[in-house]
Amino acid sequence: MDFSSLHIVDYILLGSLLLLFVLQMYFYIRYLAAPARKMRRDKKSEISNLKNGVNRALAAEKSQISEGVSVILAAHNESYNLSQYLQALLSQDYPLYEVIVVDDGSEDSTREVVERYMTSDPRLKMSFVPYGARVRSTKKLAITLAAKAAKYDYLLLTDADCVPESSHWISEMMSGFQLSTVNSQLSTDIVLGFGAYFMHKSHLNRLVQFDTLFNGLHYLGAALCGHPYMGVGRNLAYKKSLFFESGGFSHLMTTRAGDDDLFVNHVATRTNTSVVISRESLTWSPSKRTFKEWWQQKRRHLSVSPQYRTSTKCRLAFEPLTRGLFYVALIGALVYYFLYTSYIVPLYIALGLFLLRWIVQTVILNTSARRLGLKSFNMFSILWFDIVLPLINLWMLVVPKKQTKW
């Protein structure tokens with residue numbers, strides 16, 4: 001084929017497609033692959049220590065922060081989940097910690113379940129949101145009350161329906177604060193972790209797994225690259241001093257959600273935030289069983305995104321915008337070269353770019369999934385979710401709905 005015979009339309013189509021492909025590759029390799037690179041480095045370091053005869057448990061004990069940590073969870077009608085998962089929080093190997101459960105207006109036996117555990121473990125404490133509290137978000141009030149009651153300056157947040165991957169969860173998350181003890185010029189005030197959902201056989205669960213993995217790799221990767229913008233309340237730690245010095249949730253009380261991502265978005269910087277991403281640092285929780293429940297949960301999370309910092313909103317718009325334009329340019333190229341020209345090489349170029357992006361996307365997502373103990377995704381489900389989820393997100397942002405209490 002003689003490229004000199006290409007029309008200006010050919011250059012526009014192929015040039016646009018190539019540019020969008022490069023931008024997408026930049027996003028995937030720089031941001032989404034960053035957590036996997038960190039996990040690989042951490043694994044090599046662990047293997048090296050074992051080869052050098054360094055006992056992992058002894059090394060962890062020596063490197064632990066001497067100060068204690070207060071584990072905080074708000075509970076609203078969570079008697080079943082607490083009876084299932086609370087023991088895992090009380091069985092951690094960290095030497096100095098407490099667990100504070102805040103009863104947020106429960107109408108079931110939440111209080112009785114917690115009191116039963118309190119009789120055998122003095123590290124467990126309970127508080128409650130005052131009856132009839134006139135605030136828009138009682139969960140934010142619950143966390144604030146727990147932070148005030150916390151004995152220690154390190155706060156580790158999770159949810160009542162979450163269970164840690166292992167007894168090393170607190171130790172792993174607290175290791176993210178080690179930078180502060182190594183270099184007095186730096187202060188790690190926030191540690192971001194990953195919260196996974198239990199896996200079961202359903203199309204909705206695979207959608208939730210993909211969405212959670214993609215978003216998790218995004219916010220963790222962004223933090224690793226110096227642009228922290230959110231965290232999840234299922235697995236998040238920060239200093240008590242940071243919470244109160246920054247005003248806590250005082251600037252967020254007009255929203256019912258945002259006790260995790262909006263707070264992190266307002267106070268996180270490239271120098272005060274670290275990431276812990278490993279199998280033993282994970283928490284697990286049940287995913288929604290119906291599409292309606294997941295839709296409501298997803299909508300609630302997206303509802304606070306307009307309140308992100310302007311720089312964050314610009315970065316968040318980058319990926320879905322380039323992704324959507326990539327598909328538009330691809331479809332335009334395929335239609336043009338199938339119907340209006342006899343050129344075959346540009347058609348192969350367009351398909352090649354699409355296939356290469358698909359392969360890179362699959363490798364990065366599945367590599368990260370396997371290292372986190374999640375089930376891999378087949379290529380066709382990745383393609384389907386890659387197209388459908390941005391459309392769902394766009395619909396939720398364009399057509400707002402009244403938020404639920406939590």
Side-chain angles (χ1 to χ4, degrees), residues 69-92 94 97-152 155-165 167 169-170 173 193 195-198 232-237 240 243 248-249 252-253 255-260 263 282-290 292-294 296-297 300-301 403-406:
V69 56
S70 298
V71 179
I72 295 174
L73 55 150
H76 176 70
N77 292 335
E78 296 284 3
S79 59
Y80 173 79
N81 288 322
L82 288 171
S83 65
Q84 294 292 309
Y85 306 135
L86 188 55
Q87 184 58 50
L89 297 180
L90 298 171
S91 304
Q92 294 292 300
Y94 198 76
Y97 74 98
E98 64 178 354
V99 178
I100 303 175
V101 179
V102 186
D103 181 10
D104 184 7
S106 297
E107 298 174 348
D108 61 358
S109 57
T110 290
R111 179 169 298 192
E112 288 77 5
V113 171
V114 178
E115 288 175 343
R116 186 166 64 248
Y117 279 98
M118 289 173 63
T119 58
S120 59
D121 198 322
R123 295 172 302 176
L124 178 60
K125 299 175 175 59
M126 185 172 63
S127 183
F128 63 92
V129 174
Y131 177 78
R134 295 185 177 183
V135 293
R136 189 169 178 83
S137 173
T138 54
K139 186 176 182 182
K140 292 191 186 75
L141 178 58
I143 295 174
T144 302
L145 292 172
K148 289 182 177 180
K151 183 191 302 184
Y152 307 113
L155 308 179
L156 178 54
L157 277 67
T158 188
D159 285 340
D161 62 349
C162 290
V163 60
E165 166 72 21
S167 61
W169 171 59
I170 295 180
M173 289 298 292
Y197 287 106
F198 292 128
V232 293
R234 301 189 303 276
N235 202 1
L236 171 66
K240 178 179 178 178
F243 181 77
F249 300 132
L252 304 175
M253 294 308 292
T255 62
R256 289 178 176 172
D259 54 275
D260 45 14
F263 176 74
L282 266 62
T283 61
W284 295 86
S285 55
S287 64
K288 301 301 181 182
R289 291 283 182 165
T290 67
K292 181 180 179 180
E293 291 176 336
W294 174 78
Q296 293 173 342
Q297 179 189 53
R300 185 178 70 249
H301 292 164
Q403 303 169 10
T404 57
K405 183 177 180 180
W406 266 50

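- Looking at K240, its side chain does come within 3.5 Å of a backbone N or O of A150 through a donor-acceptor pair.
- Listed here is the closest heavy atom pair of T110 and L82: CG2-CD1, 3.6 Å.
- Dense packing is recorded around CZ of F198, with more than 12 heavy atoms of other residues, nucleotides or ligands lying under 6.0 Å away.
- Using a 4.5 Å cut-off on side-chain heavy atoms (C-beta onward), L124 and L86 make contact.
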Walk me through it: do V71 and W169 pass the test side chain to side chain contact (heavy atoms under 4.5 Å, CB included)? CA-CA 11 Å; V71 179; W169 171 59; 4.2 Å; yes
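- Residues I170 and V69 form a side-chain contact, since some pair of their non-hydrogen atoms from C-beta on lies under 4.5 Å apart.
- Atom CG of D121 and atom CZ of R116 lie 14.0 Å apart (nearest 0.5 Å).
- At distances below 3.5 Å, at least one donor-acceptor pair connects side-chain atoms of S106 with backbone N or O atoms of N77.
- The heavy-atom pair separating V101 from A75 by the smallest distance is CG1-CB, 4.1 Å.
- A pairwise comparison of heavy atoms in L145 and F128 identifies CD1-O, 3.7 Å as the closest pair.
- Here E293 contributes atom CD and S287 contributes atom OG; the two are 9.5 Å apart, rounded to the nearest 0.5 Å.
- Listed by chain and residue number, nothing satisfies the side chain to side chain donor-acceptor pair (under 3.5 Å) test with Y117 (two or more places apart in sequence, or in another chain).
- Within the 4.5 Å cutoff, the side chain of V102 has no heavy atoms near those of the I143 side chain.
- Residue P286 comes nearest to D161 through the heavy atom pair CD-O, 3.2 Å, listed as atom of the first residue, atom of the second, then distance.
- The side chain to side chain donor-acceptor pair (under 3.5 Å) search around S91 returns Q87, not counting sequence neighbours.
- Residues D103 and V114 form no side-chain contact, since every pair of their non-hydrogen atoms from C-beta on lies 4.5 Å or further apart.
- Using a distance-only test at 3.5 Å, with no hydrogens or angles considered, no donor-acceptor pair links the side chain of E78 to the main chain of A160.
- Taking the six-membered ring for Trp and the full ring otherwise, F249 and F263 have centroids separated by under 6.0 Å.
- A 4.5 Å side-chain heavy-atom check between L89 and L73 finds at least one atom pair inside the cut-off.
- With hydrogens and angles ignored, the 3.5 Å screen pairs no side-chain donor or acceptor of T283 with any backbone N or O of P164.
- Looking at H301 and Q297, their side chains come closer than 4.5 Å, going by heavy atoms from C-beta outward.
- In this structure a side-chain-to-backbone donor-acceptor pair under 3.5 Å is missing from N235 to G193.
- In this structure, S285 contributes its side chain and Y197 its backbone to no donor-acceptor pair below 3.5 Å.
- Within a 6.0 Å radius of OH in Y152, other residues, nucleotides and ligands contribute more than 12 heavy atoms.
- In this structure, A147 and I72 approach most closely via the heavy-atom pair N-CD1, 4.0 Å.
- Here the straight-line distance linking atom OH of Y94 with atom CG of L156 works out to 10.0 Å at 0.5 Å rounding.
- When all heavy atoms are compared, the tightest approach of E165 to W284 is OE1-NE1, 2.6 Å.
- With sequence neighbours left out, the salt bridge (charged side-chain N to carboxylate O under 4.0 Å, His left out) criterion links K125 to E98.
- R123 contributes a side-chain N or O that, together with a main-chain N or O of L90, makes up a donor-acceptor pair within less than 3.5 Å.
- Salt-bridge check for D159 with K139: passed, with a basic side-chain N closer than 4.0 Å to an acidic carboxylate O.
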